[in-house]
Structure formats: C-alpha cells, structure tokens
Amino acid sequence: MERVVSPLLHRPLLHIRQHFMRLTRSLKPASLLQLVKGGRKEPLLVFSNRNPTCKWLAMFLRENGIACSNISGDMNHALRIEQWGQFVRGESRVLSATDVGSRGLNTIQVGHVVNYDFPLYPADYIHRVGRVGRLGSPASCQVTNFVASPREIELVQQIEVGAAGSRRQLHMQRLVDRERRYRARQLLGYSDEQMYAVVADVAHYQDFLPFCTRSVVLGADGPVMRANLEIGFAPVLENYTSRVTLLRPRLVRAQCSDGRLFHYLETRWKFAPGLPSAPRSCIVDFHVEFRFKSLIHSHLAGLFFDRVVTQMEGAFVREAGRRFGPPTLPSHPLALAT
C-alpha cells in the first residue's frame, strides 16, 4: 500500500477569492441582505454556527423576498433531503446551513459561500471554503467572511499562517485591513433639535466626550466649520483638523483627511422626528468610518473599536440629559435601514 502525503492538506484553496469583513454583530443581517440582493445572482451558501441562527436566517431572507432553503443538525434526514433538493433544483437560490452542510454535499453549482458566523475551528473553515472551487464549479467563485469578535480575529490569523507556505497570494481583503465602520440607529427621548444642538456643539466636545482631549473651532463659512480636535485612546493619539457640515436640525457630518494616523475619518449624525405621540423624541442614525495608515494601529484598535464607539455615542445622550433633563422615553435601538 502506498501512502500519499501532500503539504497542501488542510489549507485554504488559493485560487478562491476570500473576503474578510470586520463588522459589528448588529450589522450582519443587513450586510448579508446586501450581499444576496446585490451583484451576481449565483447560488449562494450561508453558514452559521448554531441551528437557531440557521433557521432564523432562512426566515429573514424569505421575509425579504429571497427564496431560501435551510439544513441543520436538528432536522431529520428526510427534511434535509427535501430542503437540499429545493436548492439543487434551483427552487431556492440561497441555502442556509450549519456545518452539517460543509461536508459530503456536491455543491458544484455554488458560486459564493458566506460565513455569516465565522467557524469555531480552522478545520471547519477549510471544509466550508471547500464547497466552492471544486471541479466543475464556477470560475469566479468566492468566499465572504463576517468577522465580529477578537477571537475570530485570532482564527483568521491562524488561517493566514496556514496559507503562508504557498508562493501564491490569497486574493482576499485581510482582516487587519485598515478600515473600520460602525452604524447604529436609536429612538431617543429628546427632540431632533435638542440632539442636534448637542452634537453640533463641537467647541465643547472636550468637556463631555470620552477620549476627546481638545476641541477648538477655527472658523466657519456658512454651514461648514473647521475645528481642531485631539483624540486619545491607546494606541491612537491623534491631532487633526475636521471639516464639519451642519444642516440644522437634520445633519452633522465631520470629515478629516489630513491626520497623522488616518487616511480619513468621518462621523455622520442624522436626526428625524420620533413618535407622533411623543413630540420630544427623535430617531438618530449614527455612522462612523475611518481608515488607518498603519496596519498595526488598525489591528490593535479593532480589538476594542466597538466599545470605544459605543461609549462615544452614549456620551452625547448623557450630555442631552444634563442639558435638557430626563428623556421622555427610554432609548430604544432600531433596525438599520438596508
């Protein structure tokens, strides 16, 4: 008996384009829907780690007009075969699956694998990725990974190390990419005018905003002001000039493109009236996005980015309470618009 050994065993297939998206858990449903509805219309396989998540994703996609089947470990064999058959026959374009779908299935029609939940072990990643790039698969197949926790960052690094022995480069956006994004939407017990007044008061950021150690307004030209800001939370210590656009009481947008550590930094607040029954309420959409010049800074900041941004967001609400008194209703998170 001859033993065949390959150094490429249990390594990612290098001809498959692999994307790693760093995002918060709250953004995962909207990001998945955008992936499914946008771009090419090839059959798509979505992996999650738990049976309830698998079923919920199938229901979520169906409610948004996407034909979706699902298979999970708690299904009986006959039901799995039925759901799998719907996907193979093209009756559903998306298959939501746990790792029960990562082994033993002939998935040559699949053009895109999405790891909605990043797998718990590198070996599971290899099996999931192996659902595309097979003999007879579409030439342009790809894998998209949602990465939402520091532990998942470590797993991605292990996978990158496993692929490093090859001379060919993985065609993927590295997890330690310099770009970070955060979005949130809330119903608040303050009016849009009140929240606008707090967020637009750039000169006093240093008095109530965590990590802001200096805020000076340099001048204004109509609805646009220039302000010098200094922020400090290890490993980020940055002094920069921000261009702030003010459209009362609907928008505050701050942009920086001349930082020492950042290629760009943007925060955006949008304000809209809240509940008709509560005149002193509003809906606030908050978005922050930045791109580091250094991969090292990006990786370190990414470990606690969500916590920093959440604290910053909460500081504006607390300042509204200090200025205008208790809210008329409790803060309530809302689903993000897709």
Scan side-chain atoms only and decide if Asn115 and Asn145 contain a donor-acceptor pair under the 3.5 Å cut-off. yes

Chi angles and distances behind the side chain to side chain contact (heavy atoms under 4.5 Å, CB included) call for Val100, Arg80: CA-CA 10 Å; Val100 72; Arg80 284 190 214 170; 3.3 Å; yes

Under a plain distance cut-off of 3.5 Å, with no hydrogens placed, do Thr267 and His287 share a side-chain donor-acceptor pair? no

Taking only distance into account, with no hydrogens and no angle test, what donor-acceptor pairs under 3.5 Å do side-chain atoms of residues 327-334 form with protein atoms, sequence neighbours excluded?
from   : atom 1 : to     : atom 2 : distance (Å)
Thr328 : OG1    : Gly189 : O      : 3.3
Thr328 : OG1    : Arg280 : O      : 2.7

Hey, quick one: are Val217 and Tyr205 part of the same hydrophobic cluster, counting side-chain heavy atoms closer than 4.5 Å, chains of contacts allowed? yes

Does one hydrophobic cluster hold both Ile283 and Val199, with members joined at side-chain heavy-atom distances below 4.5 Å? no

Could you tell me whether the side chains of Gln86 and Ser69 share a donor-acceptor contact shorter than 3.5 Å? yes

Apart from Leu247 itself, what residues make up its hydrophobic cluster, given side-chain heavy atom links below 4.5 Å? Leu251

Which atom names give the shortest non-hydrogen contact between Leu61 and Leu33, and what distance separates them? CD2-CD1, 4.1 Å

Is there a side-chain contact between Val114 and Phe47, using heavy atoms and a 4.5 Å cut-off? no

Going by distance alone, is a donor N or O of one side chain under 3.5 Å from an acceptor N or O of the other, for Gln206 and Glu230? no

Please determine whether side chain to side chain contact (heavy atoms under 4.5 Å, CB included) holds for the pair Val110 and Glu42, giving the CA-CA distance in whole Å, both sets of side-chain angles, and the decisive distance to 0.1 Å. CA-CA 7 Å; Val110 175; Glu42 73 271 285; over 6 Å; no

If you define the side chain from C-beta out and look only at heavy atoms, does anything of Cys68 sit under 4.5 Å from Phe60? no

Is there a donor-acceptor contact under 3.5 Å from the side chain of Asn49 to the main chain of Phe118? yes

Go through the steps to decide whether Arg25 and Asp117 satisfy the test salt bridge (Lys or Arg N to Asp or Glu O under 4.0 Å), and finish with yes or no. CA-CA 9 Å; Arg25 287 184 174 87; Asp117 291 332; over 6 Å; no

Less than 4.5 Å apart, side chain to side chain, heavy atoms only: is that true for Arg248 and Asp192? no

Would you say Val129 and Val113 make side-chain contact, with heavy atoms under 4.5 Å? no

Kindly give the heavy-atom pair with the smallest separation between Leu246 and Met225, and that separation in Å. CD1-CE, 3.4 Å

Under the 3.5 angstrom rule, does the side chain of Ser215 hit a backbone N or O of Val202 as a donor-acceptor pair? yes

Indicate if Leu229 and Val216 have the same hydrophobic cluster label, given that clusters are the connected sets of ILVMFWY residues with side-chain heavy-atom separations under 4.5 angstrom. no

Indicate, with yes or no, if Tyr116 and Met59 share a hydrophobic cluster defined by side-chain heavy-atom contacts under 4.5 Å among Ile, Leu, Val, Met, Phe, Trp and Tyr. yes

Asp124 side chain to His127 side chain, donor-acceptor N/O pair below 3.5 angstrom: no

Is the closest side-chain heavy-atom distance between Phe316 and Trp269 below 4.5 Å? yes

Would you say Leu188 and Met195 make side-chain contact, with heavy atoms under 4.5 Å? yes

How are the rings of Tyr190 and Phe324 set relative to one another: parallel (under 30°), tilted (30 to 60°) or perpendicular (over 60°)? tilted

Within a radius of less than 6.0 Å around CZ of Arg62, do more than 12 heavy atoms belonging to other residues, nucleotides or ligands occur? yes

Begin with the C-alpha distance, continue with both residues' side-chain angles, and end with the deciding distance and a verdict on side chain to side chain contact (heavy atoms under 4.5 Å, CB included) for Thr241 and Leu218. CA-CA 9 Å; Thr241 299; Leu218 303 176; 4.1 Å; yes

Mind listing the closest non-hydrogen atom pair of Ala184 and Glu313 along with its distance? CB-OE2, 3.6 Å

Got more than 12 heavy atoms from elsewhere within 6.0 Å of CZ, Arg50? no

For Ser26 and Arg183, which heavy atoms make the closest approach, and how far apart are they? OG-O, 4.4 Å

Considering all heavy atoms of both residues, which atom of Lys28 and which atom of Ala148 are nearest to each other, and what is their separation? CD-CB, 4.5 Å

Side chains of Val143 and His19: closer than 4.5 Å at any heavy-atom pair? no

Closest heavy-atom pair and its distance - Gly274, Leu187: CA-CD1, 4.1 Å

Under 4.5 Å between any side-chain heavy atoms of Gln186 and Asp285, yes or no? no

Salt bridge (Lys or Arg N to Asp or Glu O under 4.0 Å) partners of Arg268, counting only residues at least two apart: Glu266

Evaluate the ring pair (Phe, Tyr, Trp, His ring centres under 6.0 Å) criterion for residues Phe20 and Phe146: first the C-alpha distance (whole Å), next the side-chain angles of each, then the deciding distance (0.1 Å), finally the verdict. CA-CA 6 Å; Phe20 291 77; Phe146 292 171; over 10 Å; no

Please determine whether the number of non-hydrogen atoms from other residues, nucleotides or ligands lying under 6.0 Å from atom CG of Asp221 exceeds 12. no

Check against side chain to side chain contact (heavy atoms under 4.5 Å, CB included), Val198 and Arg323: CA-CA 9 Å; Val198 173; Arg323 297 187 186 190; 4.1 Å; yes

